[in-house]
Asker: 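Sharing a structure here in structure tokens format.
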There are 6 protein chains.
Amino acid sequence: MLKRLLITGAGGGLGRMARQRLAHLAETLRVSDIADLGPAGAGEEVVQCDLGDKRAVESLVEGCDGIVHLGGQSVEDRFSVIANANIHGVFHVYEAARRHGCNRIFLASSNHVVGLYRQDQYLDHTAVPMPDTLYGLSKHFAEGLARMYHHRFGIETAIVRIGSCFPRPVDRRMLATWLSPDDFVSLVERVFAVPRLGCPVIYGISDNDDRWWDNSHVGYLGWRPKDNSAVYREEVCAKAPPPAKDSVEALYQGGLFVAEPIREE
Amino acid sequence: MLKRLLITGAGGGLGRMARQRLAHLAETLRVSDIADLGPAGAGEEVVQCDLGDKRAVESLVEGCDGIVHLGGQSVEDRFSVIANANIHGVFHVYEAARRHGCNRIFLASSNHVVGLYRQDQYLDHTAVPMPDTLYGLSKHFAEGLARMYHHRFGIETAIVRIGSCFPRPVDRRMLATWLSPDDFVSLVERVFAVPRLGCPVIYGISDNDDRWWDNSHVGYLGWRPKDNSAVYREEVCAKAPPPAKDSVEALYQGGLFVAEPIREE
Amino acid sequence: MLKRLLITGAGGGLGRMARQRLAHLAETLRVSDIADLGPAGAGEEVVQCDLGDKRAVESLVEGCDGIVHLGGQSVEDRFSVIANANIHGVFHVYEAARRHGCNRIFLASSNHVVGLYRQDQYLDHTAVPMPDTLYGLSKHFAEGLARMYHHRFGIETAIVRIGSCFPRPVDRRMLATWLSPDDFVSLVERVFAVPRLGCPVIYGISDNDDRWWDNSHVGYLGWRPKDNSAVYREEVCAKAPPPAKDSVEALYQGGLFVAEPIREE
Amino acid sequence: MLKRLLITGAGGGLGRMARQRLAHLAETLRVSDIADLGPAGAGEEVVQCDLGDKRAVESLVEGCDGIVHLGGQSVEDRFSVIANANIHGVFHVYEAARRHGCNRIFLASSNHVVGLYRQDQYLDHTAVPMPDTLYGLSKHFAEGLARMYHHRFGIETAIVRIGSCFPRPVDRRMLATWLSPDDFVSLVERVFAVPRLGCPVIYGISDNDDRWWDNSHVGYLGWRPKDNSAVYREEVCAKAPPPAKDSVEALYQGGLFVAEPIREE
Amino acid sequence: MLKRLLITGAGGGLGRMARQRLAHLAETLRVSDIADLGPAGAGEEVVQCDLGDKRAVESLVEGCDGIVHLGGQSVEDRFSVIANANIHGVFHVYEAARRHGCNRIFLASSNHVVGLYRQDQYLDHTAVPMPDTLYGLSKHFAEGLARMYHHRFGIETAIVRIGSCFPRPVDRRMLATWLSPDDFVSLVERVFAVPRLGCPVIYGISDNDDRWWDNSHVGYLGWRPKDNSAVYREEVCAKAPPPAKDSVEALYQGGLFVAEPIREE
Amino acid sequence: MLKRLLITGAGGGLGRMARQRLAHLAETLRVSDIADLGPAGAGEEVVQCDLGDKRAVESLVEGCDGIVHLGGQSVEDRFSVIANANIHGVFHVYEAARRHGCNRIFLASSNHVVGLYRQDQYLDHTAVPMPDTLYGLSKHFAEGLARMYHHRFGIETAIVRIGSCFPRPVDRRMLATWLSPDDFVSLVERVFAVPRLGCPVIYGISDNDDRWWDNSHVGYLGWRPKDNSAVYREEVCAKAPPPAKDSVEALYQGGLFVAEPIREE
């Protein structure tokens, strides 16, 4: 059991769920966001913090022996926004972790690191990165950073290319990308339970019938997701007709992100 | 839902089953065979047609927006027979599809395209073709044809290397090659349901304990077969003693086909 | 069904279990060990034998049409002990098999043939051998021997890199390496049931959530293990705190074997 | 040295060169074409023959212990023409070889078997076939046929995916695909000199600076091409401006063939 | 021939050499640096520019149809310096290229993108990135950026992981990493000469006897380096004794960079 | 430069050549054999030693900082002979090296470790071992041993699968397997010159046109062999007709070794 687990980005959709369901992993849960998180619950510490602020992040990480790093920008935006939160921000988190001896991190990377692969391609963890957006590119940066801190400084990171973590899949693409909340929780549990984590790339998806990604290589985590998006297939397909076969929705793993405009400022 | 689905070879064993069980995929089912198919049922059109007859195939395909191509010769025969039905015939089908804008095809290829691999080899979709018969060779031809029509003309094909589609496995080899009717049906459903099919090679087998072939790469279809030949193992093994370890039955994936004589005319 | 199945090492833990549960595979079970095995049961022959004794092994094997070779040294020891039992001994077994026409062998190899791989590496049967001990090295020798006898003399061997075959997993490493007795038995059954075995490397593990090894390539055996160490995870983890992440227990697939001293004599 | 070497297609560009330069490989050279080849030279036999004529091919092959099969259609044409010469024709050649015990064949296959790969892809002999034309498709058929006759009947074939065999490269694409006449000759020599040929795919190209294809796997032939198209680069590039980057000339390995229309009859 | 080729970083060591030797590639050479470059020569335009200044870069790129991007920080430094020049800077360059229709870029990436691999590992272009420094990480970012701009906007980039481009190798590591000036020049020439470039990773090294990296996959560029560091081996080895086998110099491809401290500001 | 280099097996063909040509690598050359080596030359120490004698080997290795281990049995023999020299013997050498801190070894392994591969297969260092004889099996043992001593004790070994090291190739098989004396010498030089060796498998062959084996992965050694068996091809082929295509000579990489009988004692 951890002494103090930091959850960054605890104000976002995934973050709120993490806050509710990961308390058992640590004596104290420190939750943080750039937005107001409301009052601390029992066993909680609440810290408001902009990840772009090096000093603030330094304090935020101090005293923690584990981090679930969900913070930063989680959709496409202007480069200045992405760079502040996801490039400078993630660097601050790792530097703080290094200085304070925090040696295990769950890093929310994204499927958008490989978003420009086609949906009929099957990828494993060695796929050459093909980011689809500035957002995806910032996660690509974070993955390289995590790998450097692992090999040079011994900080272990689970680089989790999260698909779509929602209560249920809500569109066709999510039939392949869905990560159920339960499977998310069990993955975090395994990441902090195994004696040795290393620095693996893990595709964050449930045991969906629809599959683009292979996780065989992380069998050593003992994580076996239980949910399957196929249960919702009929419901999802009833909502809307299928996209045209050459639309970005049908063509790319990154889906509609691939059509996002580049915004400089 | 398709407007009109053509099933060729509807008079064969697999074809009859397809005719019975695929009606829900289209408003109209057009069934065809070289043999008499009896009267049309509700929502059916019946067309008698020799695939070697270019003009007849042209008419056959017109008006269809999907094809389940089971037609042609399905066992070894004289080269003239194989060539007429499976080489000239399949070319006629694809040319007709191209001219009439029919863009999605379920192509019954065969495990005999790789029939000369040994049974202790595990293949994926990239295995270099090793046809075991003139029949297997004609399917090898069809696979190349489908790939050309996909990359040049956008026609999508599921190249399905069918194992053995029967109500139940009836010999030892089928413990590995069995495709249950239910799993066949669910595969066809997925092939016509996905927004983008591409031109994948799919091994047409159920979730058998005995496995020679890997389908991981087509996870994007969301097809997960449910049946398992192991249920019938005892029954099958009780029928006959195991073949000698160096017999073609025990040695090659293509089984007894490997011993078929070549017949020129 | 075999005429006479020889089980070597029938006095060890695995051997006793094999003796109890494999009788149905043969008309006669011949069990052997260097130690006293007690009286023969019904359908049994008991032979006391030092595998290092060529003549004794010659007689032991005569008349058998199958061997489950569990005999020899099964943990690290002085080189002279290992060499006598596991190098000279296994050579005697194969030479006797060749002379007497015994053509199918279940060879208890060991995960210690690849024990120096890290636990975060995922291996298949082609992994370059990395033995962790003199014991592992002797099994590495046996694997090469089996392969030579297969390709030159047609003797088929299942090279089974047994993980940890115990009634239940008793430490964290066994969550990945556990082979349940039931799954061991079903594997032996398949090895002697398939018409053609070849000479595959098989990782002897149950269907554990924790996985380091891939067995896809032996799908042709139709062996699908049913047990899963995850059932015992809580029990196992309650026993002891996790090892340090850089301890040999957490780092290497071979676990504590990696720290065994080399003992020459 | 061979007794009698048959060269089919001896009237074509490559065939005329072969006729002139391969006489030293056999006591007798039998040259054949559908067109008139003029009178036989010393040590030559001349046979006019349509490969689509089974009986004629039967006679043509009788008495030969080696074949350099260059015959058939070598550019795109109507399917009926391609099928007659390159599908039925090549089948006749192999059947005749099987009946008459001719066990070694140099098969002129073509880069158009993989013509739909992009020019920035690097292929080896295991690339999944992607024919670009009916012509390429017929060679794809021939490759499967050769492989079947090898594994079932022991006929050895060098499947040579010839690039562009001309005195010198004459366009930019040929900088990559050029096979010099000298390198062609030395390849044929090696194919008939090695004790064991097997049935390899060989890319027929010189030692060009521009390379799309890897031949490492056929190192056992001891063939090391000596010429390099780079000598002609300046000359070639001076002739014409580079093609647009998205033209078929710049995009596909098959070059302009990819734009050939399909012609049924 | 290009209309106007931009060389960024023209004041650095590599940049000065590029300025001297690449003039023949374009009608006009536009050279730029953050430092003073002295007066423009014939056919030159000189622009002083900080790559971190978006507007300045916008003007810099306007009117150019090719870029040799050598600019930015080329050794380890504080993150703020690296980020400004190599992250924000390279983004500005690509955005400007996109806006102004400049479609071909030679991007000076670095071997430090894979600097944490060991020297006894042999890498090809698909190696999972393992940056060794903030500098290497910034190049890792640039590679992802280039790939995104290629697949989404059609800008072609040669991602050149330059080893060590100096007149001659000056230490042992450079025996493997050396890129001679002549080979650098011929590489740039090929990058701007081929009709279709795509977005390949190219290891920028000469034909050295010492090799860590494979370039087979870019054979389509027709680039064959001519120089070999082995000519200088004796000279280099005479200078200093070999490093200890476990020193970073002997262990990692990135050499001494691996020991650079992380500097935040 | 080494203090004292031990050459074992200095009385054999390869050993005599090594003794003559490797003196420059060390201040003192210690040469050993089971046979009489004659008087010591200048800078030489001569030690007669049976590798099966643990104590003798202990003394032999003491004081050496490098070993070229050519000793032991180099052709097929009775198992007792092979085991004594090549299994017990090599273990004694490594144990002595470990005790006395000798950390770099050139191990003469053999192509017979992979002798059961066919000659039309192209292997790299990861090929699954397929020993063809007891001799090949003993080298397979030695390779595993070297790998264990490297990973556990830091002893670096060049595992050199020597082809055929003779002044010139004398039969057809040697056209592929020949290692010229000059190339042998330059390989040993590189093995003792590189700062870090690791524990690579190296195929010991010259730059022959005929190639079965790939050495790309050891580019970091900077070893580029200069000789080519092709120079002797005509001479070799004139000696004898080619072997039948299905003879062991033509079929297997191990050549005639594959037909050696197994001799127990």
Side-chain angles (χ1 to χ4, degrees), chain A residues 54-55 58 79-80 82-84 87-88 90-92 94-96 98-99 112-118 124-153 159 199 201 248 252 254 257-265, chain E residues 54-55 58 79-80 82-84 87-88 90-92 94-96 98-99 112-118 124-153 159 199 201 248 252 254 257-265:
Chain A
K54 173 186 180 310
R55 292 239 166 66
E58 192 84 26
F79 185 62
S80 56
I82 296 284
N84 180 65
I87 292 181
H88 294 263
V90 77
F91 174 63
H92 295 155
Y94 274 82
E95 265 301 276
R98 181 171 74 87
R99 288 176 197 278
H112 295 287
V113 169
V114 291
L116 286 169
Y117 282 96
R118 294 193 322 274
D124 69 14
H125 60 121
T126 67
V128 173
M130 296 270 278
D132 58 14
T133 42
L134 298 177
Y135 165 67
L137 193 57
S138 72
K139 292 300 184 180
H140 166 69
F141 174 88
E143 294 192 354
L145 182 80
R147 222 171 263 127
M148 182 176 78
Y149 275 81
H150 178 242
H151 288 279
R152 289 191 51 184
F153 308 114
I159 297 172
C199 189
V201 166
V248 294
Y252 293 108
F257 271 54
V258 175
E260 288 282 347
I262 304 292
R263 284 178 284 162
E264 278 191 62
E265 309 193 57
Chain E
K54 174 188 179 311
R55 293 238 168 67
E58 191 86 24
F79 186 61
S80 56
I82 297 284
N84 181 64
I87 292 181
H88 294 263
V90 76
F91 174 62
H92 295 154
Y94 274 81
E95 265 301 275
R98 180 171 74 87
R99 289 177 196 277
H112 295 287
V113 169
V114 290
L116 286 169
Y117 283 95
R118 295 193 322 274
D124 69 14
H125 60 122
T126 67
V128 172
M130 296 271 276
D132 58 15
T133 42
L134 298 177
Y135 165 67
L137 193 57
S138 71
K139 293 299 184 181
H140 166 69
F141 173 88
E143 295 192 352
L145 182 79
R147 222 171 264 129
M148 182 176 78
Y149 274 81
H150 177 241
H151 288 279
R152 289 191 50 185
F153 308 114
I159 297 172
C199 190
V201 167
V248 293
Y252 293 108
F257 271 55
V258 175
E260 287 282 347
I262 304 291
R263 283 177 284 163
E264 278 192 61
E265 310 196 54

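Both backbone and side-chain heavy atoms feed into the values below; hydrogens, waters and symmetry mates do not. Labels below follow one simple rule: chain letters A, B, ... track the order of the sequence lines, proteins then strands, and each chain is numbered from 1.
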Asker: Treating E:H140 as the side-chain partner and A:H140 as the backbone partner, does any N or O pair qualify as donor plus acceptor under 3.5 Å?
Answerer: yes

Asker: Could you label the plane-to-plane angle of the E:F141 and A:F79 rings as parallel, tilted or perpendicular, counting under 30° as parallel and over 60° as perpendicular?
Answerer: tilted

Asker: Against chain E, label A:L116 side chain, backbone, both or neither, depending on which of its atoms sit under 4.5 Å from a heavy atom there.
Answerer: side chain

Asker: Of all the heavy-atom pairs spanning A:P129 and E:R147, show the shortest one and how long it is.
Answerer: O-NH1, 3.0 Å

Asker: In terms of heavy-atom pairs under 4.5 Å with chain E, which of A:H92, A:R98, A:E143 leads?
Answerer: A:R98

Asker: Taking all non-hydrogen atoms of both residues into account, name the closest pair between A:V128 and E:T126 and its distance.
Answerer: CG2-CA, 3.9 Å

Asker: What residue, out of A:L137, A:V258, A:V113, has the most heavy-atom pairs lying under 4.5 Å from chain E?
Answerer: A:L137

Asker: Under a 4.5 Å cut-off applied to non-hydrogen side-chain atoms, are E:M148 and A:L134 in contact?
Answerer: yes

Asker: Can you tell if the side chain of A:D132 reaches within under 4.5 Å of the side chain of E:H151, non-hydrogen atoms only?
Answerer: no

Asker: Examine whether an atom of A:S138 lies under 4.5 Å from a heavy atom of chain E, and if so say whether it belongs to the side chain, the backbone or both; otherwise answer neither.
Answerer: neither

Asker: Is it the backbone or the side chain of A:Y149 that comes under 4.5 Å from a heavy atom of chain E, or both, or neither?
Answerer: side chain

Asker: Checking E:H150 against chain A: side chain, backbone, both or neither under 4.5 Å from a heavy atom?
Answerer: neither

Asker: Nearest 0.5 angstrom please: A:F153 CZ to E:I262 CD1, how far?
Answerer: 4.0 Å

Asker: Do you know the tightest heavy-atom contact between A:G144 and E:P131?
Answerer: O-CG, 3.8 Å

Asker: Please state whether the side chain, the backbone, both or neither of A:A259 comes within less than 4.5 Å of a heavy atom of chain E.
Answerer: backbone

